[in-house]
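This report refers to the structure that appears directly beneath it.
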Amino acid sequence: MGYGYHRPSTLDEAFLLADEIPDSRFVAGGTDLLVQLRKGEPEPSALISLRGLSELRGVETSKRVRIGATVPLSDVEVNPAVADMFPALAESITKLGSRQIRNVATVGGNLCNASPAADTAPPLLIYGASVELRDARGTREVTVEDFLQGPGQTALRSGEILTAILLDPPADGTRSVFLRKGRVAMDLPISSVAALAERDGATWPRVRLAAGAVAPVPLRLRHSEAIVEGTNLDAEIRARARETAQSEISPITDLRSTEGYRQHLTGVLVERALEHLAGEVGDP
Amino acid sequence: MTIEVSFELNGFGVEVDVEAHLRLLDLLRDVLGETGTKEACGEGECGACTVLVDGRAVNSCLFPAGEVGGTAVTTIEGLTGSHGQPSFIQKAFLDHGGTQCGFCAPGMIMTTVALLAENPHPTESEIRQALTGNLCRCTGYYQVVEAIQEAARAGQVARS
Ligand SMILES: Cc1cc2nc3c(=O)[nH]c(=O)nc-3n(C[C@H](O)[C@H](O)[C@H](O)COP(=O)(O)OP(=O)(O)OC[C@H]3O[C@@H](n4cnc5c(N)ncnc54)[C@H](O)[C@@H]3O)c2cc1C
Ligand code: FES
Ligand code: FES
């Protein structure tokens with residue numbers, strides 16, 4: 001034990017520190033990183049705190065919604081614009097950890113940690129969200145889907161900082177939902193599913209489905225989407241979507257669950273999520 | 001590497017030099033000798049180490065000491081009623097058997113302080129929700145929930 005700790009107050013200072021201190025790590029809420037260090041991950045030479053950076057704070061909801069990378073989850077959860085436009089995201093946060101965790105944990109950290117089970121990822125996938133990445137050379141924008149590359153693997157370059165999550169407001173009449181099942185309240189999900197649908201009269205021309213904890217990355221269920229898009233989302237279609245979803249994931253057996261149960265559960269959650277969207281059951 | 005942190009602890013200004021890798025929990029217990037805050041899991045699961053930072057409940061075992069600069073921290077030592085008596089929340093925990101071995105109690109009580117500040121009249125389900133991050137291996141939670149319900153009533157009387 002004995003790493004250093006820096007709390008830059010500008011992004012430029014943060015880039016400089018990351019450049020000057022080899023083997024340093026950025027830290028936001030620390031709820032993943034501090035646990036990993038305690039469990040014996042190689043110790044960094046220093047932590048560079050992102051909590052002093054004003055550019056990473058605040059939720060802007062003017063045209064595009066911009067969630068600062070270090071806004072505590074409990075603030076995102078109660079943001080009226082988020083709850084109104086992105087209810088599946090708000091719900092995924094309500095289900096994440098405990099209040100003590102949500103008071104410090106961040107959406108940026110949830111994505112950068114890149115757990116296959118990261119709870120905010122499936123909702124961000126169905127909403128087509130992007131992330132803003134910055135380093136000393138400039139700013140780039142990457143979709144959440146491209147950002148998440150594998151367990152613990154992201155599109156972040158060395159020294160790059162995720163500064164914000166960007167979301168376009170959904171079309172009027174869009175419905176979305178997030179469902180998750182874990183062993184106990186405060187545990188990562190065994191499987192999680194987010195679903196979104198836009199209605200046009202009796203049919204649903206645009207549907208998005210995503211799942212977490214059942215593949216190396218949280219992923220879009222494109223085959224299942226293709227089955228339900230343009231239909232009236234009736235019971236037969238939903239049952240077909242359940243079966244398709246089960247075939248397009250690649251779950252593993254670990255301490256939380258088995259491959260087979262994850263497969264079964266994900267199909268059930270997809271079917272239930274579609275029932276919610278079709279208005280056949282009340283709020284989850 | 002040592003860093004200087006200055007913050008407010010239970011209403012008093014504190015300025016200390018600490019090893020940069022310490023957690024708020026270490027700063028409180030080992031550097032400042034405020035041992036009311038407990039460590040059990042050290043990984044954010046149990047809530048024994050819960051303190052308030054600027055009024056929000058956090059796990060001090062996951063909170064870097066370098067992050068408390070400029071904040072106001074409240075620990076179990078900072079809770080008192082009038083004339084040095086326990087606060088009404090502490091009293092409710094005692095009256096309802098909300099504490100047995102007592103190890104989880106400081107964390108449970110700090111969670112209750114944050115809950116009642118935000119929601120003075122919580123329902124039972126809101127109370128149970130708020131306690132998600134506080135584990136107790138003794139009481140079975142019934143008494144804790146009753147204690148918080150009682151504390152909410154007492155808080156109402158105190159305010160009226
Ligand atoms: C008890 C407990 C319960 C939990 N339950 C859940 C759960 O139910 N669901 C769930 O999904 N997660 C859960 N988590 C994991 C964790 O709380 C979340 O992933 C959280 O969102 C991480 O955010 P953070 O700000 O604390 O990340 P940190 O720990 O600060 O950072 C995580 C990683 O991302 C990097 N990083 C962070 N922010 C940035 C940035 N802006 N730019 C570049 N790199 C960055 C860090 O270097 C680090 O590698 C739980 C954790 C605990 C301790
Ligand atoms: S000791 Fe901090 S949560 Fe258990
Ligand atoms: S009273 Fe013993 S752990 Fe709660």
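Sequence lines set the chain letters: A, B, ... in the order given, protein chains first and strands last, and positions in each chain run from 1.
- Heavy-atom pairs under 4.5 Å with chain B peak, among A/Ser49, A/Ala185, A/Ala46, A/Gly30, at A/Ser49.
- Each of A/Val104, A/Leu34, A/Thr31 was checked for a side-chain contact (heavy atoms from CB on, under 4.5 Å) with B/Phe63, and the lone residue meeting it is A/Val104.
- You'll find the side chain of B/Met1 reaches within 4.5 Å of the side chain of A/His6, heavy atoms only.
- Between B/Gly133 and A/Ser98 the shortest heavy-atom distance is CA-CB, 3.4 Å.
- The most heavy-atom pairs under 4.5 Å with chain A, out of B/Gln129, B/Arg56, B/Glu67, come from B/Glu67.
- The contact list for residues 27-54 of chain B toward chain A, using heavy atoms and a distance under 4.5 Å, reads B/Glu39, B/Cys41, B/Gly42, B/Glu43, B/Gly44, B/Glu45, B/Gly47, B/Thr50 by residue number.
- Chain B forms more heavy-atom pairs under 4.5 Å with one residue of A/Thr94, A/Asp187, A/Asp75 than with any other, namely A/Asp75.
- Rounding to the nearest 0.5 Å places CZ of B/Arg23 at 5.5 Å from CZ of A/Arg38.
- Distance CG/A/Leu37 to CG/B/Leu62: 10.5 Å, rounded to 0.5 Å.
- Looking only at distances, no side-chain donor or acceptor of B/Asn59 sits under 3.5 Å from a matching main-chain atom of A/Gln100.
- For chain A, no part of B/Thr2 is nearby; none of its heavy atoms comes within less than 4.5 Å.
- You'll find the side chain of B/Pro64 stays beyond 4.5 Å of the side chain of A/Arg7, heavy atoms only.
- From B/Asn134, atom CG reaches atom CE of A/Met186 across 8.5 Å, with rounding to the nearest 0.5 Å.
- Atom CZ of A/Arg183 has more than 12 neighbouring heavy atoms from other residues, nucleotides or ligands inside a 6.0 Å radius.
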